[in-house]
There are 2 protein chains.
Amino acid sequence: MSLTTHCSNCSLHPLCLPLSLKTSEMDKLDAIIRRGRPIKKGELLFAQGEPFDSVFAVRTGTVKTYTLTQEGDEQITGFHLASELVGLDAYDSPVYPASARALETTNVCEIPVDRLDALSGQLPELRRQLLRLMGRELREDQQMMLLLSKKSAEERIASFLLNLAARFRRRGYSGTQFRLTMARSDIANYLGMAVETVSRVFTRFQRQGILADSSSARDIEIVDLTALTQMASLADCERLELGISA
Amino acid sequence: MSLTTHCSNCSLHPLCLPLSLKTSEMDKLDAIIRRGRPIKKGELLFAQGEPFDSVFAVRTGTVKTYTLTQEGDEQITGFHLASELVGLDAYDSPVYPASARALETTNVCEIPVDRLDALSGQLPELRRQLLRLMGRELREDQQMMLLLSKKSAEERIASFLLNLAARFRRRGYSGTQFRLTMARSDIANYLGMAVETVSRVFTRFQRQGILADSSSARDIEIVDLTALTQMASLADCERLELGISA
DNA sequence: GCGCGGCCTTGATCCATATCAATTGACCTC
DNA sequence: GAGGTCAATTGATATGGATCAAGGCCGCGC
């Protein structure tokens with residue numbers, strides 16, 4: 001009968017929160033989740049400084065999170081694909097420490113924290129899953145610091161593309177052909193470089209035959225994965241995370 | 001009778017985990033904590049890749065955590081002062097994703113995660129405190145990303161000093177005079193710059209009368225806090241965290 | 001208290017990437 | 001399909017900080 005989405009029938013649930021929950025437990029979680037209307041491209045999911053009341057799971061689409069510097073320009077802290085959680089960093093804070101904006105039409109599941117908190121007292125698995133997710137985010141941040149403080153422009157772009165590729169692959173999409181939902185300026189901002197440099201590295205990769213020269217700038221096709229992987233000069237922990245052998 | 005340390009008599013407990021636990025609850029936490037011999041300067045607390053079994057609370061001293069790049073050089077991800085937790089980022093991972101090394105003689109409380117996990121099921125306050133601490137760490141990482149991708153050499157050093165100052169102040173020490181326990185090379189590594197640049201910025205700050213020309217390179221005295229704060233060009237969220245008005 | 005070795009500072013040079021300035025391209029509206 | 005707008009590319013130039021190369025200082029061991 002029902003066409004509505006539930007955790008139990010959601011194709012993302014092996015990647016999202018309910019991982020390893022029993023059906024009855026999953027129903028409990030399902031009961032506290034709010035599913036609103038789709039967020040259109042450019043719309044805010046929440047704004048830095050607003051009272052923190054919910055975390056969000058991305059169901060479809062992409063979200064960028066960013067903080068604002070004193071001068072008012074933004075620092076993108078992450079891109080969030082389907083099945084990923086947004087807003088975990090607000091734990092401990094009365095307000096959201098970052099803003100979240102949809103990069104394309106996006107559907108999210110809203111999870112009120114007070115309810116989540118209460119429920120995680122009852123379900124040890126859920127509690128562990130939450131801590132696991134935060135732990136993973138901490139480790140991703142550390143890799144990002146490594147990237148920002150040690151890597152060259154080419155290494156940054158290569159790492160970025162490999163990271164996206166691995167995430168698409170885990171979701172059952174192609175790990176070699178995908179569409180970037182973010183603008184060059186977003187990539188530049190996220191990776192701590194100028195737009196022009198991002199652009200130049202992309203064309204260089206195309207000339208070197210690492211990427212295919214695609215019709216649109218946002219369509220990516222990785223031709224030489226080996227070369228791209230070498231370019232990235234990944235740390236061991238990064239390989240592990242991306243599922244790259246050696 | 002007893003001279004041993006317990007959470008209930010530890011001067012750090014308002015800053016550490018047991019925050020807002022009742023005495024009986026604190027005793028439960030106290031029971032699972034292991035207090036080993038002091039770690040000497042240069043010794044490892046744990047090494048990247050070792051099985052993750054415990055988080056550590058610094059009781060006295062300083063610890064640096066760092067990951068290794070492919071080429072084998074280190075990327076410092078944080079400095080941890082008394083009352084701060086080390087190893088939270090290992091949640092979700094079977095092994096420590098980073099190494100931890102003492103920068104001076106250091107005493108720690110070791111908290112086995114399986115026990116902590118079980119206990120946090122019983123104590124909602126402890127559970128929230130854990131999530132809060134991880135949330136805070138996530139936000140600190142975000143500020144670090146901002147620093148690494150947007151700030152100039154001077155802004156980095158100024159931010160770093162103000163951050164340390166605020167943490168010392170919260171512990172009841174002077175926020176204007178303190179001793180750096182880390183080498184210039186550690187600061188450089190952490191802030192993503194060359195040792196030489198760190199050195200130059202320090203001398204520039206001394207010439208400008210922002211810092212006092214101290215006997216030893218590691219003794220810091222902030223003379224002009226206002227100027228240093230301006231130099232840092234902090235984001236609003238950073239001010240909030242450091243307790244700086246406007 | 002003397003000498004050794006690592007840590008720190010200082011100066012000179014270089015280079016990766018930012019910045020500035022057009023140009024091109026994609027898409028949208030009328 | 002002409003014109004407008006915004007995103008992306010490309011080229012020329014500038015620069016902050018890295019790198020290279022000496023010294024100087026300080027703490028530590030003998």
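The chains referred to below are lettered A, B, ... by the order of the sequence lines, with proteins before strands, and numbering in each begins at 1. A quick note: this is a predicted structure, and the numbers were derived from the prediction, not measured.
- To the nearest angstrom, P of C/dC8 lies 11 Å from CD1 of B/Ile220.
- Contacts of B/Arg218 with the nucleic acid, taken as non-hydrogen atoms under 4.0 Å apart, involve only primed sugar atoms and P, OP1 or OP2.
- Contacts between residues 146-156 of chain A and DNA chain D, counted as heavy-atom distances below 4.0 Å, involve no residue at all.
- Here B/Phe202 pairs with nothing under the ring-ring contact (aromatic ring centres under 6.0 Å, His included) rule; sequence neighbours left out.
- No more than 12 heavy atoms of other residues, nucleotides or ligands lie within 6.0 Å of CZ in B/Arg170, so this atom counts as exposed by the packing criterion.
- Where the helix from C/dC8-D/dG23 to C/dC30-D/dG1 starts and where it ends, the local axes point in directions that differ by 40°; five pairs per end, rounded to 10°.
- In this pair, A/Phe168 and A/Phe178 present their aromatic rings tilted. The plane angle is within the 30 to 60° band.
- Base engagement by A/Ala194 is indicated by at least one non-hydrogen atom pair under 4.0 Å involving a base atom.
- With rounding to the nearest 0.5 angstrom, the CG atom of A/Asp73 is 6.0 Å from the NZ atom of B/Lys150.
- Shown here are the ring-ring contact (aromatic ring centres under 6.0 Å, His included) partners of A/Phe205, two or more places apart in sequence or in another chain: there are none.
- Separating the CZ atom of A/Arg207 from the C1' atom of D/dT10 is a distance of 9 Å, rounded to the nearest angstrom.
- For B/Met193 and D/dG16, the CE to C1' distance is 11 Å, given to the nearest whole Å.
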>> Would B/Ser214 and B/Gln177 count as a side chain to side chain contact (heavy atoms under 4.5 Å, CB included) here? Give the steps.
In response: CA-CA 10 Å; B/Ser214 41; B/Gln177 283 190 49; over 6 Å; no
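- One atom, CG of B/Asn189, and another, P of D/dA18, lie 12 Å apart when rounded to the nearest Å.
- The CZ atom of B/Arg35 sits 6.0 Å away from atom CZ of B/Arg59, with the distance rounded to the nearest 0.5 Å.
- Rounded to whole angstrom, the span from the CE atom of B/Met182 across to the C1' atom of C/dC7 amounts to 15 Å.
- Sorted by first then second residue, the salt bridge (charged side-chain N to carboxylate O under 4.0 Å, His left out) pairs that include residues 214-226 of chain B, not counting sequence neighbours, are B/Arg179-B/Asp219.
- The interatomic distance linking A/Leu191 (CG) with C/dT17 (P) rounds to 12 Å, in whole Å.
- Note: CZ (B/Arg204) to P (C/dG11) measures 12 Å, nearest angstrom.
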> If the sugar-phosphate is the primed atoms plus P, OP1 and OP2 and the base is the rest, what is the B/S/- string for nucleotides 21-29 of chain C, using protein heavy atoms under 4.0 Å?
Replying inline: ---------
> Do B/Ser54 and B/Glu110 pass the side-chain hydrogen bond (donor to acceptor under 3.5 Å, both in side chains) test, and can you show the C-alpha distance, the side-chain angles, and the key distance before you say yes or no?
Replying inline: CA-CA 6 Å; B/Ser54 298; B/Glu110 179 175 357; 2.7 Å; yes
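- At a cut-off of 3.5 angstrom, the base of D/dG11 holds at least one donor-acceptor pair with the side chain of A/Arg200.
- A sub-4.0 Å separation between OP1 or OP2 of C/dA18 and a side-chain N or O of A/Thr197 is present.
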>> As a quick check of understanding, evaluate side chain to side chain contact (heavy atoms under 4.5 Å, CB included) for B/Phe79 and B/Asp186, giving each step before the final call.
In response: CA-CA 10 Å; B/Phe79 299 110; B/Asp186 286 331; 4.0 Å; yes
